[in-house]
Q: 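This is the structure I have questions about; it appears just below.
Note that the numbering runs from 1 along the sequence shown for the chain.
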Amino acid sequence: MSSTATIDTSLVPEKTVVNAKGDGPALDVSNAASRVFLLTLDITNIIEQESLDVSIYGSADGAAWVAKPVIAFPQKFYRGQHPLLLDLSGSREVKFIRAHWEVNRWGRGTETPMFEFHLTIKEVPPDILKEATAEAKALA
């Protein structure tokens, strides 16, 4: 067992309500053993006729962020849980990540979008990755 703690936290806290684009806080992932993470976007409240775009940006120092996201969820319109695997094993320069979101609203009623959501990140342990890789090779 590794002496480093695995990452299991929120990139966007529970019950976060947004009505405009924004960014979550930076998270240091430099000590992650596997550099592979399970992201779970959980949309808990919405209004009709709106969309949410959530992406993850990387940084070497937590201050200057890359121009393009390292990964993005497909555009969302409904409540629900949406998992996504983030593999940073080929991106050693990425030491920090943060969530970025954009919201859009159309149709009748208020023009202001409203989403309540949260985003969690959980490191996939190296032994699970090794096992899954071996299983995938056996099935190929």
Side-chain angles (χ1 to χ4, degrees):
M1 191 83 180
S2 173
S3 62
T4 59
T6 58
I7 294 172
D8 186 357
T9 190
S10 292
L11 281 172
V12 178
E14 279 192 60
K15 300 193 181 293
T16 296
V17 176
V18 301
N19 54 26
K21 70 179 179 178
D23 297 299
L27 176 67
D28 184 349
V29 295
S30 60
N31 291 327
S34 72
R35 307 224 359 120
V36 177
F37 307 92
L38 176 62
L39 303 173
T40 304
L41 173 63
D42 192 357
I43 302 171
T44 52
N45 200 4
I46 63 163
I47 53 178
E48 65 182 1
Q49 297 178 315
E50 64 180 2
S51 63
L52 174 67
D53 294 282
V54 177
S55 50
I56 305 298
Y57 283 81
S59 172
D61 59 6
W65 297 89
V66 296
K68 291 184 178 181
V70 293
I71 198 167
F73 285 87
Q75 190 173 58
K76 300 298 175 196
F77 304 94
Y78 304 105
R79 293 181 185 140
Q81 284 191 338
H82 310 281
L84 185 65
L85 204 59
L86 170 61
D87 185 352
L88 293 176
S89 59
S91 303
R92 290 284 172 201
E93 70 282 359
V94 175
K95 301 202 182 324
F96 295 85
I97 60 171
R98 75 173 178 196
H100 173 78
W101 56 86
E102 304 259 346
V103 293
N104 186 29
R105 173 127 170 82
W106 61 89
R108 297 181 296 179
T110 178
E111 292 181 15
T112 305
M114 187 286 300
F115 278 92
E116 179 181 286
F117 71 99
H118 62 274
L119 178 59
T120 59
I121 180 170
K122 184 171 184 147
E123 184 178 348
V124 179
D127 55 332
I128 303 250
L129 279 176
K130 189 175 183 180
E131 182 181 321
T133 302
E135 200 172 303
K137 283 181 182 175
L139 293 173

Q: Would a distance-only check, ignoring hydrogens and angles, find a side-chain to backbone donor-acceptor pair under 3.5 Å from E50 to V103?
A: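 Between the backbone of V103 and the side chain of E50 there is no qualifying donor-acceptor contact (under 3.5 Å).
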
Q: Got a donor-acceptor contact below 3.5 angstrom from the T44 side chain to the E116 backbone?
A: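 Judged by distance alone, yes, a pair lies under 3.5 Å.
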
Q: Look up atom OG1 in T9 and atom NZ in K122, then write down how far apart they are to the nearest 0.5 Å.
A: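 One finds 11.5 Å between OG1 of T9 and NZ of K122.
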
Q: T6 side chain to E123 main-chain N or O, any donor-acceptor pair under 3.5 Å?
A: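 Side chain of T6 to backbone of E123: no pair is present.
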
Q: Show the numbers, then the answer: is there a ring-ring contact (aromatic ring centres under 6.0 Å, His included) between F117 and W101?
A: CA-CA 11 Å; F117 71 99; W101 56 86; 5.6 Å; yes

Q: Report the distance from atom OG1 of T120 to atom CD of E14, rounding to the nearest 0.5 Å.
A: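 T120 atom OG1 to E14 atom CD measures 9.0 Å (nearest 0.5 Å).
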
Q: Taking R79 for its side chain and D42 for its backbone only, find out whether a donor-acceptor pair lies under 3.5 Å.
A: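 No, the answer is negative, given that no donor and acceptor are paired below the 3.5 Å cut-off.
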
Q: Please check if atom CD in E111 has more than 12 non-hydrogen atoms from other residues, nucleotides or ligands closer than 6.0 Å.
A: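 No, because the 6.0 Å sphere around CD of E111 holds 12 heavy atoms or fewer from other groups.
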
Q: Kindly compute the distance separating NZ (K95) from CG (N31), expressed to the nearest 0.5 Å.
A: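 These two atoms lie 9.5 Å from each other.
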
Q: Any heavy-atom pair between the side chains of M114 and N45 that's under 4.5 Å?
A: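 Contact flag for N45/M114 side chains = yes.
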
Q: Are the side chain of D87 and the backbone of G90 linked by a donor-acceptor contact shorter than 3.5 Å?
A: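 A pair under 3.5 Å: no.
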
Q: Give a yes or no answer on whether the side chain of R98 reaches the backbone of L11 with a donor-acceptor pair at less than 3.5 Å.
A: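 No.
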
Q: Tell me, with the steps shown, if I56 and L84 meet side chain to side chain contact (heavy atoms under 4.5 Å, CB included).
A: CA-CA 11 Å; I56 305 298; L84 185 65; over 6 Å; no

Q: Hey, does I97 have a side-chain heavy atom less than 4.5 Å from the side chain of L88?
A: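 Counting from C-beta outward, L88 and I97 do come under 4.5 Å.
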
Q: Which pair of heavy atoms, one from A33 and one from P126, lies closest together, and at what distance?
A: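 Smallest heavy-atom distance, with atoms named: CB-CG, 3.8 Å.
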
Q: Which heavy-atom pair separates S34 from L129 by the least distance, and what is that distance?
A: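 Looking at all heavy atoms of both residues, the shortest contact is CB-CD1, 3.4 Å.
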
Q: So, does S59 use its side chain to make a donor-acceptor pair with the main chain of A64 at under 3.5 Å?
A: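 Between the backbone of A64 and the side chain of S59 there is a qualifying donor-acceptor contact (under 3.5 Å).
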
Q: Under the ring-ring contact (aromatic ring centres under 6.0 Å, His included) rule, what do H82 and F73 come out as? Steps first, then yes or no, please.
A: CA-CA 8 Å; H82 310 281; F73 285 87; 7.5 Å; no

Q: Do V12 and V54 make a side-chain contact, defined as non-hydrogen atoms from C-beta onward lying under 4.5 Å apart?
A: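 No, side chains not in contact.
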
Q: Measuring from atom OG1 of T16 to atom CG of L119, what distance do you get when rounded to the nearest 0.5 angstrom?
A: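 Going from the OG1 atom of T16 to the CG atom of L119 covers 9.5 Å.
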
Q: Pair I43, L41 - check side chain to side chain contact (heavy atoms under 4.5 Å, CB included), show working.
A: CA-CA 6 Å; I43 302 171; L41 173 63; 4.2 Å; yes

Q: Before giving the answer on side chain to side chain contact (heavy atoms under 4.5 Å, CB included), spell out for Q49 and R105 the whole-Å C-alpha distance, their side-chain angles and the decisive distance to 0.1 Å.
A: CA-CA 6 Å; Q49 297 178 315; R105 173 127 170 82; 3.5 Å; yes

Q: Mind checking the OG-CZ spacing from S30 to R92? Nearest 0.5 Å is all I need.
A: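 These two atoms lie 10.5 Å from each other.
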
Q: Given 3.5 Å as the limit, does a donor-acceptor pair link the side chain of R35 with the main chain of S91, or not?
A: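 Checking the backbone N and O of S91 against the side chain of R35, a donor-acceptor pair under 3.5 Å is found.
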
Q: Does any N or O in the side chain of H100 come within less than 3.5 Å of the main-chain N or O of G22, such that one atom is a donor and the other an acceptor?
A: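 Flag set: sc H100 to bb G22 pair under 3.5 Å.
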
Q: Is L86 linked to L27 within one hydrophobic cluster, defined over Ile, Leu, Val, Met, Phe, Trp and Tyr using a side-chain heavy-atom separation of less than 4.5 Å?
A: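 In one cluster: yes.
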
Q: Is there a path of hydrophobic side-chain contacts, each under 4.5 Å between heavy atoms of I/L/V/M/F/W/Y residues, joining V94 to F96?
A: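 No, F96 and V94 fall in different hydrophobic clusters.
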
Q: Does Q75 reach the main-chain N or O of S51 with its side chain, forming a donor-acceptor pair under 3.5 Å?
A: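 Checked: no pair found.
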
Q: With hydrophobic residues grouped by side-chain heavy-atom distances under 4.5 Å, do L38 and I71 end up in a single group?
A: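 No, L38 does not connect to I71 through the hydrophobic network.
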
Q: Where do V66 and Y57 come nearest, in terms of heavy atoms and distance?
A: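 Closest heavy-atom pair between V66 and Y57: O-CD2, 3.3 Å.
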
